[in-house]
Amino acid sequence: MGAVHRLATRKDASDLYDIRRRSILELAPPKMPVAEAQAWAAKLTRAGMEQKLRELEVWVAELDGIVAGWGAIRGGWLEGLYSAPEFAGRGVGAGLLEMFERLMCEQGVRAVRAEASSNAMAFYLRRGYRANGPQSPSGAWPIAKQLL
Ligand SMILES: CC(C)(COP(=O)(O)OP(=O)(O)OC[C@H]1O[C@@H](n2cnc3c(N)ncnc32)[C@H](O)[C@@H]1OP(=O)(O)O)[C@@H](O)C(=O)NCCC(=O)NCCS
């Protein structure tokens with residue numbers, strides 16, 4: 001059965017913080033060096049997660065009522081996409097991404113943009129995204145996908 005998507009609320013902050021941290025630490029390596037994943041995971045605090053919930057449009061994917069992943073958008077920007085490691089490879093990330101593209105299309109956004117981490121680059125390339133500039137000093141790739 002496909003995931004159910006819903007907007008996140010402030011009550012989700014702790015679950016989403018935890019999923020982000022575990023997804024980075026457990027799913028990004030070995031494509032990303034462990035030290036790099038640790039540094040990336042540490043970039044967001046619990047207060048920072050609460051701030052994201054206030055400032056971004058954050059969506060949750062639930063499988064059988066359990067939060068399995070989440071993603072965030074702002075306008076035409078994909079600001080984050082994370083799957084709980086225990087649900088990885090079950091279409092949670094791809095499902096959220098498709099939903100975001102649909103939402104953006106409806107809002108007249110012409111192209112989705114994101115900063116892809118090196119470990120997730122292949123995931124995005126297989127879904128029609130293209131590198132849109134040089135790799136940043138932090139290792140992220142600017143990517144884009146034309147929608148309209
Ligand atoms: C990148 C990330 C979000 C992908 O999430 P995911 O839920 O594992 O992704 P999906 O399951 O949708 O897709 C992963 C693969 O599983 C496959 N898959 C999809 N549905 C599946 C199913 N029902 N059964 C088995 N495999 C399936 C997909 O085909 C996909 O393979 P492909 O990329 O070779 O086509 C996840 O790996 C993650 O959180 N990584 C750490 C954080 C991160 O890098 N985020 C991106 C920041 S830019």
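Start at 1 and go down the list; that is how both ligands and their atoms are numbered. Everything numeric in this text was worked out from a predicted model, so none of it was measured.
Contact annotation for R126 and ligand 1: only side-chain heavy atoms (C-beta onward) come within less than 4.0 Å of the ligand. When non-hydrogen atoms are compared, ligand 1 lies under 4.0 Å from the backbone of S83 as well as from its side chain. The side chain of L27, and not its backbone, has at least one atom closer than 4.0 Å to an atom of ligand 1 (non-hydrogen atoms only; side chain from C-beta on). At a heavy-atom cutoff of 4.0 Å, ligand 1 is contacted by no atom of W70, backbone or side chain. Within the 4.0 Å heavy-atom criterion, the part of E115 lying near ligand 1 is the backbone and not the side chain.
With ligand atoms numbered from 1 in the order given, ligand 1 contributes 48 (S) to contacts under 4.0 Å with heavy atoms of A116. Numbered from 1 in the order shown, with element, the atoms of ligand 1 that lie under 4.0 Å from a heavy atom of S23 read 39 (O), 41 (C), 42 (C).
Considering backbone and side-chain atoms together, G89 places an N or O closer than 3.5 Å to an N or O of ligand 1. By the 3.5 Å distance cut-off applied to N or O atoms, G93 is counted among the residues near ligand 1. An N or O contact shorter than 3.5 Å links L81 to ligand 1 by distance.
Between E26 and ligand 1 there is no heavy-atom distance shorter than 4.0 Å. Close to ligand 1: S117, with a non-hydrogen atom less than 4.0 angstrom away. In this structure, W40 counts as a contact residue of ligand 1, since one of its heavy atoms falls inside 4.0 Å of the ligand.
When M32, R90, K31, R21 are ranked by how near their heavy atoms come to atom 23 (N) of ligand 1, first place goes to R90. Of the listed residues (W141, Y124, Y82, F123), the one carrying the non-hydrogen atom nearest atom 9 (O) of ligand 1 is F123. Taking each of A94, A140, G80, G91 in turn, the one with a heavy atom nearest to atom 20 (N) of ligand 1 proves to be G91.
Remark: atom 47 (C) of ligand 1 lies closer than 4.0 Å to at least one protein heavy atom.
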Listing, residues 133-148 side-chain donor-acceptor contacts under 3.5 Å, not counting sequence neighbours, or none:
| residue | atom | partner | partner atom | Å |
| --- | --- | --- | --- | --- |
| Q135 | NE2 | G139 | O | 3.0 |
| S136 | OG | S138 | N | 3.3 |
| S136 | OG | S138 | OG | 2.9 |
| S136 | OG | G139 | N | 3.4 |
| S136 | OG | A140 | N | 3.2 |
| S136 | OG | A140 | O | 3.4 |
| K145 | NZ | E101 | OE1 | 3.1 |
| K145 | NZ | E101 | OE2 | 3.4 |
| K145 | NZ | R127 | O | 2.8 |

